[in-house]
Amino acid sequence: MNLGTPEIILIALVVLLLFGGKKIPELMKGLGKGVKSFKDGVKGLDDEVKEATTYDKEEKK
């Protein structure tokens, strides 16, 4: 189930028809903020896991 060029163009045209040219930049801005927030959350979770494992190692000494 791969998307080729014709399918991507069709999807883009449907999005353009549904939302119009003025609304698309706002949608992309919101999508970008969501992705950034997700990445920040994942990074924070990774930091917490590293701190917890470091704390456990120090506690065993």
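Glu7 pairs by the salt bridge (charged side-chain N to carboxylate O under 4.0 Å, His left out) definition with nothing, not counting sequence neighbours.
Hydrophobic side-chain contacts under 4.5 Å tie Val42 into a cluster, directly or through other members, with Phe38.
Here salt bridge (charged side-chain N to carboxylate O under 4.0 Å, His left out) pairs that include residues 30-43, with residues two or more places apart or in two chains, are Lys36-Asp40, Lys43-Asp47.
In the hydrophobic clustering of this structure, Leu45 does not group with Val35; members are Ile, Leu, Val, Met, Phe, Trp, Tyr whose side-chain heavy atoms approach within less than 4.5 Å, directly or through other members. Leu10 is not connected to Leu17 by any chain of hydrophobic side-chain contacts under 4.5 Å among Ile, Leu, Val, Met, Phe, Trp and Tyr, and they are in different clusters. Cluster membership check: Ile11 does not share its hydrophobic cluster with Leu13, using side-chain heavy-atom separations under 4.5 Å among Ile, Leu, Val, Met, Phe, Trp and Tyr. Cluster membership check: Ile24 shares its hydrophobic cluster with Val14, using side-chain heavy-atom separations under 4.5 Å among Ile, Leu, Val, Met, Phe, Trp and Tyr.
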Query - Test salt bridge (Lys or Arg N to Asp or Glu O under 4.0 Å) applied to Glu26 and Lys23, step by step - result: CA-CA 5 Å; Glu26 294 175 22; Lys23 195 73 172 173; 3.5 Å; yes
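Rounded to the nearest 0.5 angstrom, Leu3 CG and Ile9 CD1 are separated by 12.0 Å.
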